[in-house]
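Step one of this worksheet: look at the structure below.
So you know, we letter chains A, B, ... as the sequences are listed, proteins then strands, and number each from 1.
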Protein chains: 2
Amino acid sequence: MPSNQRILDLAERLVQTRGYNGFSYADIAASLGVTKASLHYHFPAKAALGKELIGRYERNFLAALAAIDAEVRKPRDKLRRYAGIYAEVLAEGRMCLCGMLAAEYATLPKAMQQELRHYFAENERWLAAVLDHGRRAGELAFKGSAREAAGLLVSSLEGAMMLARSQGNTKRFGALAERLIAGLAA
Amino acid sequence: MPSNQRILDLAERLVQTRGYNGFSYADIAASLGVTKASLHYHFPAKAALGKELIGRYERNFLAALAAIDAEVRKPRDKLRRYAGIYAEVLAEGRMCLCGMLAAEYATLPKAMQQELRHYFAENERWLAAVLDHGRRAGELAFKGSAREAAGLLVSSLEGAMMLARSQGNTKRFGALAERLIAGLAA
DNA sequence: GTCTATAGGTGGATAGAC
DNA sequence: GTCTATCCACCTATAGAC
């Protein structure tokens, strides 16, 4: 009796470690102790599973960002919490789901590509708002648009996760993140 | 009569766009107008092809870095040229070969993982030297070790490439790169 | 909802003729 | 060096019994 939740949980971890093209229904079936066929009852096509994977990930992520807004006031602390989310994921031995999918972008179903763009757009929107407020309040300093600074922040964190894993140096991620935020101090 | 060079050229482009797990001998064979079997004469195993792909990429990259050292003196100009390499690759519709492979790291043959770590280590070594010299000369400014600053630079550029493509915004990469370098100005 | 069985395709790889 | 032919493993997906 694998609920959709459990299937998505396993698929999520697999994509975060091996990528969308790096896992199969057989992997999930083996973990759950069921057959591949029964998974197709819950998710008829892998593309639909993949799309839902991004949707759920984005909902959870946006909820985490809302929690930050509710709990923290200072822009710099918000950025630290934001980077902290990435650090936690990395500490679990995972990559960002959407960072992995961004690398596989050219091979993904159209529906997944669209969901992916939405995820990054929402991400950048939240960061840009934090940066903009921070600059107006005189607590943050950077040149150019907040949007562009936000884009660089997301890019850097995603890239740092990837390279941290492949260099077997997951600890350094925290230092790089802190350096990024320090560079935005007023 | 596909020379090893032509095979590697095609495989390289495929990995840079679709990833190591996203291409097959069939793709290369079709492009060259030969059969899969004849490719196995040149590269018996895909893993060996992949390893050679990284080795060749690294040799070319290090040669480009040596050219920069020979042609440019100012640390900041060296960094601009360095980022320019990434920009050119992106302009061709490609990702960095090793950035793509870093995302697929967990699924790669051991030999490829090893080559990959070497690539990033060499990369960081060159950048750290530039940063260190620049700081000593008073032309660059940053906190902490040059090694760590170099790591952040590589990570950010790799991440920015990935996200630029998935957001359909390859033009912005140049602006992000310039912003990164500007942040290191003395 | 889960199973067995299977279809139809593609993956990397090999043997042996030419 | 390239071909045909083939192997075996794996993939996503479906049909139909239970």
Charged N to carboxylate O below 4.0 Å: is that the case for [X] and [Y]?
X	Y	answer
Glu104(A)	Arg18(B)	no
Arg6(B)	Asp9(B)	no
Arg59(B)	Glu52(B)	yes

For [X] and [N], give me the distance from atom [atom1] to atom [atom2], rounded to whole Å.
X	N	atom1	atom2	value
Ile28(A)	dC11(D)	CD1	P	11 Å
Asn4(B)	dT2(D)	CG	C1'	14 Å
Leu32(A)	dC3(C)	CG	P	10 Å
Tyr41(B)	dC3(D)	OH	C1'	14 Å

To the nearest 0.5 angstrom, please state how far the OH atom of Tyr20(B) sits from the OH atom of Tyr105(B).
14.5 Å
Could you pull out all donor-acceptor pairs under 3.5 Å where a side-chain atom in residues 135-143 of chain A meets a protein atom, sequence neighbours excluded?
residue: Arg135(A); atom: NH1; partner: Phe142(A); partner atom: O; Å: 2.8
residue: Arg135(A); atom: NH1; partner: Gly144(A); partner atom: O; Å: 3.0
residue: Arg135(A); atom: NH2; partner: Gly144(A); partner atom: O; Å: 3.1
residue: Arg136(A); atom: NE; partner: Asp132(A); partner atom: OD2; Å: 3.0
residue: Arg136(A); atom: NH2; partner: Asp132(A); partner atom: OD2; Å: 3.2

Within the structure, does a side-chain N or O atom of Thr35(B) lie under 4.0 Å from either OP1 or OP2 of dT2(D)?
no
Is any side-chain N or O of Ser38(B) closer than 4.0 Å to OP1 or OP2 of dG1(D)?
no
List every contact pair, protein side and nucleotides 9-13 of chain C side both N or O, where the distance is under 3.5 Å.
residue: dG11(C); atom: OP1; partner: Ser24(B); partner atom: OG; Å: 3.1
residue: dG12(C); atom: OP1; partner: Phe23(B); partner atom: O; Å: 3.4
residue: dG12(C); atom: OP1; partner: Lys46(B); partner atom: NZ; Å: 3.1
residue: dG12(C); atom: OP2; partner: Tyr25(B); partner atom: N; Å: 3.1
residue: dA13(C); atom: OP2; partner: Lys46(B); partner atom: N; Å: 2.7
residue: dA13(C); atom: N7; partner: His40(B); partner atom: NE2; Å: 3.2

Using residues 146-155 of chain B as the side-chain source, report each donor-acceptor pair under 3.5 Å to any protein atom, sequence neighbours left out, with the distance given to one decimal.
residue: Glu148(B); atom: OE2; partner: Arg179(A); partner atom: NE; Å: 3.1
residue: Glu148(B); atom: OE2; partner: Arg179(A); partner atom: NH2; Å: 3.1
residue: Ser155(B); atom: OG; partner: Gly151(B); partner atom: O; Å: 2.8

